[in-house]
Each structure stands twice: as structure tokens, then as C-alpha cells.
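Structure record follows, encoded as C-alpha cells.
Just so you know, these numbers come straight off a predicted model, no measurement behind them. Per chain, numbering begins at 1; letters A, B, ... match sequence-line order.
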Number of protein chains: 2
Amino acid sequence: MGITIHDVARRAGVSISTVSRVLNDTTAVHEDKRRSVIEAAEALGYSPNPAARSLLGKKTGGIGVLLPHVGGEFFAELLNGLDEAAHASGHFLVISTSYRHRDEFNAAIRAMDRRVDGLIVMAPELDAEGVASILSSGNAVSFINTLVEEGSADVLNFDNFGGALALTQHLLGLGHRRIALIKGPSGAWDAQERVRGYRAAMAEEGIEDTASLEFEGEYTSIAGYDATGAILEAVPQPTAIIAANDDCAAGVLSALSEAGVSVPHAVAVAGFDGIPSTQYTLPPLTTVRVPIGEIGYRAVSRLAARIEDQEGEVATQYETVPVELVVRKSTVAALPDSADLGAASTG
Amino acid sequence: MGITIHDVARRAGVSISTVSRVLNDTTAVHEDKRRSVIEAAEALGYSPNPAARSLLGKKTGGIGVLLPHVGGEFFAELLNGLDEAAHASGHFLVISTSYRHRDEFNAAIRAMDRRVDGLIVMAPELDAEGVASILSSGNAVSFINTLVEEGSADVLNFDNFGGALALTQHLLGLGHRRIALIKGPSGAWDAQERVRGYRAAMAEEGIEDTASLEFEGEYTSIAGYDATGAILEAVPQPTAIIAANDDCAAGVLSALSEAGVSVPHAVAVAGFDGIPSTQYTLPPLTTVRVPIGEIGYRAVSRLAARIEDQEGEVATQYETVPVELVVRKSTVAALPDSADLGAASTG
DNA sequence: TGTCATTTTGAAAACGTTTTCAAAACTATT
DNA sequence: AATAGTTTTGAAAACGTTTTCAAAATGACA
């Protein structure tokens, strides 16, 4: 079928060992032989069989990427970052998505076993045991946005807690008190962190019991749409809504618009992630920008370095990447509140 | 290092040939040996080395995906479709993006050579010669949205021409005559098709010379933003704008909003692709919905079938997938036009 | 029990590389 | 010119499978 090293050797009039040496630049060979080997290889369009190479324990050149169900701009941005870094370090990307349960993860990892040199894993829904079983696969791993014990692997998380805290503080600073939160998937670590940030900010203002302000949700616009229905029925009605993420916020905006509730004047709305389209919603959305492309880039770069590092003696890094509050027109000061006014007039 | 077939053979007390036979279910082996082989394989957690397997000319299980640099939701939706189908057919996805020039493409294909069983290629900017060189790589290939001579490969294009035609006809039907078009990348086949559809619709209305209505652009919101600046300076001013795609339309909306031009009353705006966020723009965007996830799914399914098909005697399919005009609030009837009124009063 | 056909099995070749080892070809030194 | 040292080279082993081939074991039948 294909051109093999034997064909090159025959054409160049040398042994296959010599061809290998020239092509891998591993030992000195006489200049004239070297030339004819290169000439022969080019003429025949030879390229080494990757299977034969990796059979000898060489690198495959692949980086495996395991992601939860991919949707929306967030993942497009992430993938762009991953791919750019992979390109830069001479790797290719093997991608698998839609993993939630531990055994699905394990199956995917087994499928990638010995086909890749390392793994990028983003699995906010994975528990400690799941993480452990990934680590025990013997692969080099870089985690993104996943709950991993510090020191056990390279981790690049973004500051879900801090982002939610800052966002909630922003709304509190605008005078909002009844701030509804649409929560993400209950099993997801990043969602839990955002809830924690929200509660911390609320508690700072003396609002300890937020149970009636928290609504179940997902990272989808449908979930935002549905949750908004419940929020609008709450009494007294919240004056602000923090969505699980930007996609969810889009559903909130849509539901509010249908219900004839004006944003931001009747209700303020905020998202999370900072995807590009938040600039173009009606009104433009206040959100928390996550540098997800950059995170992807750095995760791959770091993984590539670790793969290169034969000795494996580089310490693991755990990093929480800062996020940035982006205030747009969807959040303004709360109206003088009828409930508060009532309280004031009776006082 | 890893567990090999020899370890399994030793534990089961048989030869490696027998292990291979049991695991691949290729020849009958005695039930008791079969049992102990399976037991041994499970106990040791054995899985065959993929490199050794593909070295013997077996399938790799990989499907390569070559895409231009794509951002945003379009990409995510495509990827979802690709991944779902890959999963369903037991393949994994090897992804490379950011290809424009023929030599970049060739480099990427060489990188995937013998690592994948087939290729999904979406390359609207590729010319016939580039397509030919991909085909000559000897891989099974499914093209998406690429200019390929019918019969030479499996192709799944969506109806760029028809979509642009319908969209332009829609605006003409609303009474618009000065319809500006922001064009996509000049080298891209899909962009050219959209221009062709636009021109065809305009010509039907007797508007043959559209040069002054066509503006250079890209598939990005920045390009839409910039082009809108030029469009607003045109005299007489267009009453409608067709953006290169939805991302581009988002930039148009943003620029018009900044300039204080009301949409849809002063200017109607339309996009192309039908990404989810077009539901949430201000106002919701009229667009052409492309079933890109489904196209991705089908491209992979078809490729998987072709890979399976040992004889290679299945005829290639060329299919143009229909698209759907989605009318939303960003396009309404043209106002009575001052230019037309002037012409009428002098007549 | 001996012969023949059939089923089951293992040894060995093959896939295409890289790498080890030892031989061969030089070069320098005496 | 012989020797020692160095550089360059090729043969062969190794990586982990699948598969071919022939041998061994089994079963059927006379």
C-alpha cells in the first residue's frame, strides 16, 4: 500500500537504519548518504507510519479532550483556545463530548487509551472518586473547571465563587434586595460555587435565608425560560434575576419580554460566562466574563509541557483564574420598592 | 508497562492466538478455554493496543474533521451533530480547525494520515485543485458546504443560493428596494452562492445593478459593525441590510443601535444560519435556518457507512440540504420612501 | 483398533518503525 | 605499515497484535 521506510532505503541505496537515523536526526551519517535519503524520502512522499511509531512506545501526538455536552458559544470559544494551543505545540485534538456519569467518562477514557499522550478534562459534575479513576488511568491530565484536590493534578478553574459574589454585590449595591437566583445543574461543582458566592454576598447584607429566592435550573435558555415563569409568580416578586449562565439568561429575557415585564426597569437580569452574544441581547446583558479561550489555550500548553517533560518531576499547578464583572444595561438601580415603602411608612 | 495479550494468554493457560480468537470472535474455541480467556482478560483489565492493531491494516476508529476557523454557536451545533453520530457509530473525532489555504489543508491531512479512517471536510474556501488533492489522499471523505464536483465524493451542502434568494424575495415582498448586502469572505464558495441568490432575486425585480448595494464583509460581528458604518453613509440610504451571517448581523444591530437608527422601522436587518441567539437579539432576527447539527450528524453517518463498506462500490451522494426562512421582528414593510415619493411627484 | 474427516490449537510470520549491537570503514598516531 | 581509536553502517531484535499454516486432538465410521 503505502510507502514504507524500506522503499526509501532501497531507493537511496542504504539500510533502513540509516533512513531512520537521517529522518529522526539521531546519529551522524555521511553527508552524501544523508542527501540521498532526504531526496528519496521527498521523491516518494514518505511519511512514517504513526502506528508503528507509537507501537514502540513513542508519543502519538494526540491530546484527548473530554467535555460535557457541548452547546453554544462557550464551547466554541473553549475549543478555539484548545485547538490553537494544540496547533502551536504540534498536537492534534481527539474530542469526546456528552459525558456526565462516571462510567461514561471511564468508557471514553478507555477509548482514548494509548491513542493520546494526555487528557484535557472538563467535568464539573464529576466527584472525587471519578477524578481519582481518571488519574489512575496513567495519563497526563489537565483539568478545567473541575473539583480536584489540590496537588493531585494540573487544574485550571475559573473563579465561579468570586464571580457570583461580585455579581450579587453589584446588584445589592444597586439597591436590589430580592435577588432571585436560577441555579445550574445540582450535581455540578461550578454551579454550586456560584450558589455559594451568591449566598455569601446576600449574607453580607444580612439576608441569610435565600431559599425562597433560589430556583432550579440548567445551563440552557429553556431552563431560564421555565424558571422565569416560577419567579414571576413569587410574592413578593424579585427585582433582579441572576441566571445560571448567559444561555439561561437569554431564556429569562425572552420570558420577561413575552410577559411584558420591562428589563431592566421592572426587573434587572444578569448572566454568567460573558459569551459574545450578550452584547447583542435586549438589553445588553450584565454578566461575568470568563476568559475561557485563554483557559483552554493554557490548559493544552501546560499539558503539552508535561507530556514533553520525560521525568515527570514538575510540580502540579492549581490555579483559579480570575473573572471579570461586565456591567451592561440589563442591570440598573432598583425602583423604590413598594414593600420597603410600606415598611417605611408604617415605621 | 501495559497488559498485553501475552499476559492474558499466560493467565488463561492458552496461546496468544487463542486469546485473539476469543476476543475477536473469529473462530470457534472450546467453551472452557473461551471462559478462562474472558475471565483472564477481565481480571487483568486487558484491552488491545490500538497501535498494534492498526499496524496490521485494521481500522483506527478515528474520523478526522477539518474545519475553517469557526466561532460561535454555528460551530458548537455542528460539532454536536458530528460527535453524536461518531458516538453512535463507535468512532472518535480528531479535530483540526483554522484552515484556509490549500497547503494548510494538506499539512493537516498529512497529520491525520493513517490515524483516521475517514475525513469530514468543511472548506468553503477550497478550490477544485485543493479538493482534488484531498481526494487523492486516499481517504474516505465527506464534504460539507464545499464546492465539489458532483460524483467525485460524498457531499452535503446546504442551499446557500436558495436561502439568500428566499430572504431577498422576502424583503422585496415587504416593499424594500434598496437592500444592502454585506458579503462574506470573497474566496468562500458559500458566500458567493449567497451573493448569487441575492442578485437573482434583485434581478427578478428588475434591479440588475447591485454594485452600489454590496459591501465587503466577513462572518464576524466586527465585520458587520464596520460595514454598517459604510452603509449608513450611502446615498440614498438602503432600507434593509442582509448580513453575511447571524454573527455579522449582530454587529449590524449593534452599530445601528449606536447610531440611533431604529430597527426594523428605519432599517430592516436579516442574518443567515439561524443560530439560537438570533431569538434573543433586539429585535429578534429574521434569518435563514440551516440544520447544521443534522448535517453534521448525517455527514458522519454516511462516512461511517462508507468506511464499513469494504468494497467501496457504493455510489457517492451529492445532496443540497434545504434551508428555511425564519421571519422575525427585524424585518417589516418598508416605509413610504422619500426618494420614491419624489419620483412620483415629478411624474 | 485403525483410518479419515473435522475441529481446535499453537508456532511463526507479518505489519513498519526505532534502537541496540557489533562489524566495517575510516582517521590518526606511531 | 600496523595499531588504536573513532565514526559510520547494517543486521536483527523489539513493540503487540492478527492471521496463516500446519500440527494435534477429537470424533465418526468401518
Proximity to the side chain of [X] - top-ranked nucleotide from [options]:
| X | options | value |
| --- | --- | --- |
| V14(A) | dG10(C), dG10(D), dT8(C) | dG10(D) |
| L56(B) | dT9(D), dT9(C), dA14(C) | dA14(C) |
| I5(A) | dT18(C), dT20(C), dA12(C) | dT18(C) |
| S20(A) | dT17(D), dT9(C), dT18(C) | dT18(C) |

Whole-Å distance between [N] [atom2] and [X] [atom1]?
| X | N | atom1 | atom2 | value |
| --- | --- | --- | --- | --- |
| L23(A) | dG16(C) | CG | P | 16 Å |
| R10(A) | dG10(D) | CZ | C1' | 16 Å |
| D32(B) | dT9(C) | CG | P | 7 Å |
| I3(B) | dG16(D) | CD1 | P | 11 Å |
| R114(B) | dC15(C) | CZ | P | 14 Å |
| H6(A) | dA12(D) | NE2 | P | 12 Å |
| D25(A) | dT8(D) | CG | P | 13 Å |
| L55(A) | dA14(C) | CG | C1' | 12 Å |

Inset, instruction - Would you indicate what A51(B) reaches in the nucleic acid, counting non-hydrogen atoms under 4.0 angstrom: base, sugar-phosphate, or nothing? - result: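 The residue A51(B) makes no contact with any strand.
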Inset, instruction - Between S17(A) and K33(B), just flag the one whose closest nucleotide in DNA chain C comes earlier from the 5' side. - result: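 Checking each residue's closest nucleotide, the 5'-ward one belongs to K33(B).
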Legend entry - Enclosure of E149(B) CD (heavy-atom neighbours >12, cutoff 6.0 Å):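 Open: at most 12 neighbouring heavy atoms sit under 6.0 Å from CD of E149(B).
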Legend entry - Side-chain donor/acceptor of S301(A) to backbone N/O of Y297(A), under 3.5 Å: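 Looks like yes, one N/O pair under 3.5 Å.
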Legend entry - Pair T320(B)-N157(B), side-chain hydrogen bond (donor to acceptor under 3.5 Å, both in side chains): steps then yes or no: CA-CA 5 Å; T320(B) 300; N157(B) 287 347; 5.7 Å; no
Should [X] be listed as having a side-chain N or O under 4.0 Å from OP1 or OP2 of [N]?
| X | N | result |
| --- | --- | --- |
| R53(B) | dG16(D) | no |
| S15(B) | dG10(C) | yes |
| N49(A) | dC15(C) | no |
| K58(B) | dT17(D) | no |
| T18(B) | dG10(C) | yes |

Legend entry - Intermediate values then yes/no, side-chain hydrogen bond (donor to acceptor under 3.5 Å, both in side chains), N145(B) and D190(B): CA-CA 7 Å; N145(B) 206 32; D190(B) 55 352; 3.1 Å; yes
Legend entry - Qualifying residue for side-chain contact (heavy atoms from CB on, under 4.5 Å) with V19(B), from T4(B), I38(B), V8(B):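 Exactly one pass, corresponding to V8(B).
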Legend entry - DNA chain D: 5'-proximal contact among H30(B) and A52(B) (nearest heavy atom):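 Checking each residue's closest nucleotide, the 5'-ward one belongs to A52(B).
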